[in-house]
Amino acid sequence: MGRVQGKVALITGGASGIGLSAATLLAKEGAKVVISDFNVDGAKAAAEEITKAGGEAVGVFLDAGNEESIKAAIDFTVETYGTINVLYNNVGMTNLRKDLDVVNMDLEEWDKLMNVNTKSVLLGARYAIPHMIKAGGGSIINTASMAGFAGDSVRTAYGASKAAVVNLTRYIAVQYGKHNIRCNGVAPGLILTPAAKNNMPPAILDIFAKFNALPYHGEADDIGHTVVFLASDESKFITGQTIQVEGGHYMANPSIADVENYMFEMKQQG
Ligand SMILES: NC(=O)c1ccc[n+]([C@@H]2O[C@H](COP(=O)([O-])OP(=O)(O)OC[C@H]3O[C@@H](n4cnc5c(N)ncnc54)[C@H](O)[C@@H]3O)[C@@H](O)[C@H]2O)c1
């Protein structure tokens, strides 16, 4: 028996990176998986791979910035597999050219990111919840980001949109818990998905690695395994939480290195 045997799961943004890992691992643990993505060819190819490996999956188009499209993906899931037990709201985007500091950021980009990163979570939950209530419960999982827990010099809209996802997660948990619907989030630190590898110069990756408590970078499967846990009944008493999967990057007091240097110098001086 798999850890999510027989559960029906819809994953948004499942053609690549973190979503693809979650879809693959959920299917491996016995879920029937609907992979939805802008990149419908990628979603269908991923579903084929899973099917070839003995799992159950289909791919479908999704535009997470469009309400009708979100509703259609949920309807498709229910029509295909009879219900929806797990919704993984994973789509998220950022634009390093336009999502700048508060004074200089493009306001249209702000609206776009709030729509795609945050409103898509609200809408996914809104259309999945009635089916989950009918099914006797369910698990909604949202991809937040460590950018939602700390300030940065740029990516203002991204950080604000992900912080909103963290609290929206709590609201869904509070409002539908009595229907046996759990809602949790996962907040990745830097994860070496194809997108991250392509967009980040190696020198920046090295800086990130240096500040991890652990001696390696995060990989998509580190998030995928967390999603399987949150989708499974193993986490049945956990709701409203956002689990930070970030290698201890944000754990230490950032002034520690300078304080240690100061103490060292004082010691040297006697
Ligand atoms: N990779 C990281 O370091 C990292 C860190 C923190 C948070 N995250 C979050 O994890 C999630 C997944 O990121 P990833 O790194 O796997 O990205 P990715 O680019 O590898 O995958 C994202 C997938 O979503 C799809 N997609 C994008 N916009 C869409 C839309 N509007 N509608 C439907 N599909 C869309 C893309 O086609 C792609 O298949 C995002 O929410 C991201 O913000 C990633």
Side-chain angles (χ1 to χ4, degrees), residues 10-25 34-47 49 59-74 76 87-96 99 109 111-121 123-124 141-150 152 155 157-166 168-169 185-200 204-205 207-209 211-212 216-227 242-247 249-250:
L10 169 63
I11 292 104
T12 76
S16 139
I18 289 169
L20 176 59
S21 163
T24 306
L25 293 172
V34 176
I35 301 175
S36 66
D37 205 288
F38 234 14
N39 170 7
V40 68
D41 291 342
K44 289 189 171 162
E49 282 299 310
V60 69
F61 175 79
L62 170 78
D63 173 2
N66 179 289
E67 179 174 357
E68 279 310 305
S69 183
I70 292 172
K71 182 174 182 306
I74 286 162
F76 174 83
L87 169 64
Y88 181 26
N89 285 310
N90 166 65
V91 163
M93 59 176 290
T94 184
N95 183 333
L96 290 168
D99 184 10
E109 198 60 24
D111 290 341
K112 192 173 170 188
L113 294 195
M114 288 298 163
N115 188 41
V116 171
N117 293 358
T118 310
K119 194 173 174 191
S120 69
V121 172
L123 292 172
I141 302 153
N142 304 319
T143 301
S145 167
M146 288 310 294
F149 289 94
D152 201 343
R155 297 204 304 165
Y158 181 75
S161 72
K162 292 296 191 176
V165 168
V166 173
L168 183 54
T169 297
V186 54
L190 176 66
I191 300 295
L192 286 191
T193 57
K197 274 190 218 161
N198 292 338
N199 293 334
M200 290 211 166
I204 301 279
L205 293 178
I207 293 172
F208 268 87
F211 283 92
N212 286 347
Y216 38 78
H217 281 297
E219 295 171 354
D221 281 358
D222 294 317
I223 308 300
H225 287 299
T226 310
V227 171
T242 293
I243 300 181
Q244 302 182 351
V245 184
E246 44 78 272
H249 192 90
Y250 295 79

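As a basis for the values below, the full set of heavy atoms in this structure was taken, side chains included, without hydrogen atoms, waters or symmetry mates. Every number for a ligand or one of its atoms is a count from 1 in the order of the listing. Given the structure is predicted, the values throughout are model-derived calculations rather than measurements.
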When you measure from the side chain of [X] to the backbone of [Y], do you find a donor-acceptor pair of N or O atoms at a distance under 3.5 Å?
X: Thr193; Y: Ala220; value: no
X: Asn142; Y: Gly185; value: no
X: Asp99; Y: Tyr158; value: yes
X: Ser21; Y: Gly17; value: no

Which pairs of nitrogen or oxygen atoms, taken one from ligand 1 and one from the protein, are under 3.5 angstrom apart?
{"unit_1": "ligand 1", "atom_1": "1 (N)", "unit_2": "Ile191", "atom_2": "O", "d": "3.3"}
{"unit_1": "ligand 1", "atom_1": "1 (N)", "unit_2": "Thr193", "atom_2": "OG1", "d": "3.4"}
{"unit_1": "ligand 1", "atom_1": "3 (O)", "unit_2": "Ile191", "atom_2": "N", "d": "2.8"}
{"unit_1": "ligand 1", "atom_1": "3 (O)", "unit_2": "Ile191", "atom_2": "O", "d": "3.3"}
{"unit_1": "ligand 1", "atom_1": "15 (O)", "unit_2": "Thr193", "atom_2": "OG1", "d": "3.0"}
{"unit_1": "ligand 1", "atom_1": "16 (O)", "unit_2": "Ile18", "atom_2": "N", "d": "2.8"}
{"unit_1": "ligand 1", "atom_1": "20 (O)", "unit_2": "Ser16", "atom_2": "OG", "d": "2.7"}
{"unit_1": "ligand 1", "atom_1": "21 (O)", "unit_2": "Ser16", "atom_2": "OG", "d": "3.4"}
{"unit_1": "ligand 1", "atom_1": "32 (N)", "unit_2": "Leu62", "atom_2": "O", "d": "3.4"}
{"unit_1": "ligand 1", "atom_1": "32 (N)", "unit_2": "Ala64", "atom_2": "N", "d": "2.9"}
{"unit_1": "ligand 1", "atom_1": "34 (N)", "unit_2": "Phe38", "atom_2": "N", "d": "3.1"}
{"unit_1": "ligand 1", "atom_1": "37 (O)", "unit_2": "Asp37", "atom_2": "OD1", "d": "2.6"}
{"unit_1": "ligand 1", "atom_1": "39 (O)", "unit_2": "Asp37", "atom_2": "OD1", "d": "3.3"}
{"unit_1": "ligand 1", "atom_1": "39 (O)", "unit_2": "Asp37", "atom_2": "OD2", "d": "2.6"}
{"unit_1": "ligand 1", "atom_1": "41 (O)", "unit_2": "Asn90", "atom_2": "O", "d": "2.8"}
{"unit_1": "ligand 1", "atom_1": "41 (O)", "unit_2": "Gly92", "atom_2": "N", "d": "3.2"}
{"unit_1": "ligand 1", "atom_1": "41 (O)", "unit_2": "Lys162", "atom_2": "NZ", "d": "2.9"}
{"unit_1": "ligand 1", "atom_1": "43 (O)", "unit_2": "Tyr158", "atom_2": "OH", "d": "2.6"}
{"unit_1": "ligand 1", "atom_1": "43 (O)", "unit_2": "Lys162", "atom_2": "NZ", "d": "3.3"}

When the aromatic ring centroids of His249 and Phe208 are compared, is their separation below 6.0 Å?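 Centroid separation for His249 and Phe208: below 6.0 Å.
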Name all residues meeting the side-chain contact (heavy atoms from CB on, under 4.5 Å) criterion together with Ala144; count only those two or more places apart in sequence or in a different chain, and write none if there are none.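 Here the qualifying residues are Val165, Val166, Ala187, Thr242.
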